[in-house]
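Remarks on the structure that follows.
We count residues from 1, following the sequence as given.
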Amino acid sequence: MDRLATHIEQSIAHIRLEGIGKTYDTGRGAVTALEDIDLDIQRGEIFGIIGRSGAGKSSLIRTLNRLEDPSSGKVLIDGRDIGSLDEAQLVALRRRVGMIFQHFNLMSAKTVWQNVALPLKVAGIKPAEIERRVAESLQLVGLSEKRDMYPAQLSGGQKQRVGIARALVHQPEILLCDEATSALDPESTQAILALLKDINRRLGLTVVLITHEMEVIHEICHRVVVLERGRVVEHGPVWQVFGDPQHEVTRTLLGTVHHDLPDDLNGHIHPERTTEAQALLLDLHFTGVSRRDPDLLSIANVLGAGTRLVHGGIDRIQNRAQGHLLVSVDSSEPAADIIRRAQGLADKIHHVGYVSLV
Ligand SMILES: Nc1ncnc2c1ncn2[C@@H]1O[C@H](COP(=O)(O)OP(=O)(O)OP(=O)(O)O)[C@@H](O)[C@H]1O
């Protein structure tokens with residue numbers, strides 16, 4: 001392929017949503033689940049979808065393999081409108097797009113091997129080829145030893161591995177994950193996330209996932225979209241959305257850990273200095289945008305000897321430090337002068353108020 005063709009291929013989004021809308025007709029009238037969604041998902045990325053309950057996450061992910069047909073707009077995979085596919089092409093599409101579910105959807109009367117083999121049998125694949133592909137899939141998810149067991153004999157994490165193996169037997173290029181770790185304990189969640197990451201890297205699979213667990217996004221996603229009432233309210237690289245959420249819904253979903261003040265400070269903060277003994281409280285916000293790490297020596301040097309770290313925490317997402325450090329500055333200098341000097345210590349600096357610390 002020449003360089004121009006390669007460039008064009010790379011510039012086409014693996015999955016493109018153009019003006020997607022979805023309205024359900026119910027006995028009590030129409031319910032709008034999605035409105036005017038435009039999104040590009042690149043080949044090989046792990047893309048997260050978050051939002052409150054009822055925001056439209058399931059409706060959105062289900063349009064990607066036509067479990068739901070959008071009421072308006074188009075879904076393009078490799079530039080091809082999947083709404084125009086005939087029955088045979090739709091079957092082929094579903095093989096290119098694997099899916100895993102919160103409750104695994106395994107057949108309890110079938111063994112691990114039989115569960116994983118089922119999609120291949122349905123597709124009429126020859127037995128020898130089925131044997132080879134099932135063995136390969138089970139090895140990939142680390143379950144070769146359990147091939148003759150039944151789902152009831154497996155842990156939740158192992159059941160999800162079977163779900164993943166089954167989703168991979170047709171060697172898909174896209175894997176949709178609908179709350180894939182929500183029914184799992186923290187240890188199994190970690191193991192499944194590591195597996196998804198490994199599959200994404202080794203097979204170059206594009207992964208689109210829905211979750212209500214923000215740690216899942218933090219742990220494995222490259223980019224994330226936030227839905228609210230069927231619309232995109234925010235999207236971008238995870239470090240950006242998590243480091244400096246712009247929308248109220250995103251802040252709520254992410255929790256208020258970094259924004260809430262601890263109880264012993266809350267209620268004791270004054271907007272103006274009322275006594276000499278009060279210290280200036282500054283919030284040093286590291287959004288990740290400048291890729292800077294908090295430099296404690298510079299903070300002390302710039303803000304002075306009486307500077308104390310009062311509250312906060314720093315996290316790392318996609319190799320960028322982010323979080324808030326709440327510092328008290330013991331100085332009678334005007335706040336504006338101190339804040340001016342403090343520019344450069346963090347990505348954003350917010351004057352919280354004045355507080356008496358004992
Ligand atoms: N089959 C359906 N028939 C009628 N309304 C539906 C149907 N599926 C979803 N809805 C409605 O569409 C809206 C979006 O639902 P959806 O399940 O996509 O949201 P969600 O973000 O996945 O929610 P949750 O996190 O609770 O699963 C909701 O108001 C829901 O009640």
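With sequence neighbours left out, Glu35 forms a salt bridge (charged side-chain N to carboxylate O under 4.0 Å, His left out) with Arg231. Evaluation of the ring-ring contact (aromatic ring centres under 6.0 Å, His included) rule for His270 yields no partner, not counting sequence neighbours. Listed by chain and number, the residues in a ring-ring contact (aromatic ring centres under 6.0 Å, His included) with Phe47 amount to none (sequence neighbours excluded). Partners of Ser332 according to the side chain to side chain contact (heavy atoms under 4.5 Å, CB included) rule, which considers only residues two or more places apart in sequence or in another chain, do not exist here. In this structure, the salt bridge (charged side-chain N to carboxylate O under 4.0 Å, His left out) partners of Asp244, at least two apart in sequence or on a different chain, are Lys348.
Distance check: Ile61 CD1 to Leu209 CG gives 7.0 Å after rounding to the nearest 0.5 Å. Rounding to the nearest 0.5 Å gives a distance of 8.0 Å between CG of Asp295 and CG of Leu345. The CG atom of Leu85 sits 5.5 Å away from the CZ atom of Arg80 when rounded to the nearest 0.5 Å.
A donor-acceptor pair shorter than 3.5 Å cannot be found between the side chains of Arg28 and Thr26.
With Trp239 as reference, Val289 is the one residue of Asn319, Val224, Val289 to meet the side chain to side chain contact (heavy atoms under 4.5 Å, CB included) rule. The only member of Val141, Asn115, Ile100 that meets side chain to side chain contact (heavy atoms under 4.5 Å, CB included) when paired with Val162 is Asn115. Evaluated for a side chain to side chain contact (heavy atoms under 4.5 Å, CB included) with His222, the options Asn200, Val238, Ile217, Val207 yield exactly one hit, Asn200. For the pairing with Leu309, the side chain to side chain contact (heavy atoms under 4.5 Å, CB included) check across Leu296, Leu325, Ile299 returns one residue only, Leu325.
Shown here is Glu129, whose CD atom has more than 12 heavy atoms of other residues, nucleotides or ligands within 6.0 Å. Heavy-atom contacts from other residues, nucleotides or ligands closer than 6.0 Å to CZ of Arg229 number 12 or fewer. The environment of CD in Glu131 is crowded: more than 12 heavy-atom neighbours from other residues, nucleotides or ligands sit within 6.0 Å. Around atom NE2 of His14, more than 12 heavy atoms belonging to other residues, nucleotides or ligands sit under 6.0 Å away.
At distances below 3.5 Å, not a single donor-acceptor pair connects side-chain atoms of Arg96 with backbone N or O atoms of Pro172. Not one N or O on the side chain of Gln160 forms a donor-acceptor pair closer than 3.5 Å with the backbone of Gly156. Under the 3.5 Å distance criterion, the side-chain polar atoms of Asp347 are matched with a main-chain donor or acceptor of Thr287. No side-chain donor-acceptor contact under 3.5 Å links Asn65 to the backbone of Arg94. Not a single donor-acceptor pair under 3.5 Å links the side chain of His170 to the backbone N or O of Ala92. Without hydrogens or angle criteria, Glu45 side chain to Ile41 main chain gives no donor-acceptor distance under 3.5 Å. Counting only distance, with no hydrogens or angles, the side chain of Ser71 and the backbone of Thr23 share a donor-acceptor pair below 3.5 Å.
Minimum interatomic distance between His268 and Val355 (heavy atoms only, all atoms of both residues): O-CG2, 3.6 Å.
For residues 99-111, every residue pair satisfying the side chain to side chain donor-acceptor pair (under 3.5 Å) rule, not counting sequence neighbours, is listed here: Thr111-Gln114.
Phe242 and His218 have perpendicular rings, their planes meeting at more than 60° on a 0 to 90° scale where under 30° would count as parallel.
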Would Gln278 and Thr274 count as a side chain to side chain donor-acceptor pair (under 3.5 Å) if you check the C-alpha gap in whole Å, the side-chain angles of each, and the deciding distance to 0.1 Å?
-> CA-CA 7 Å; Gln278 284 172 338; Thr274 51; 2.9 Å; yes

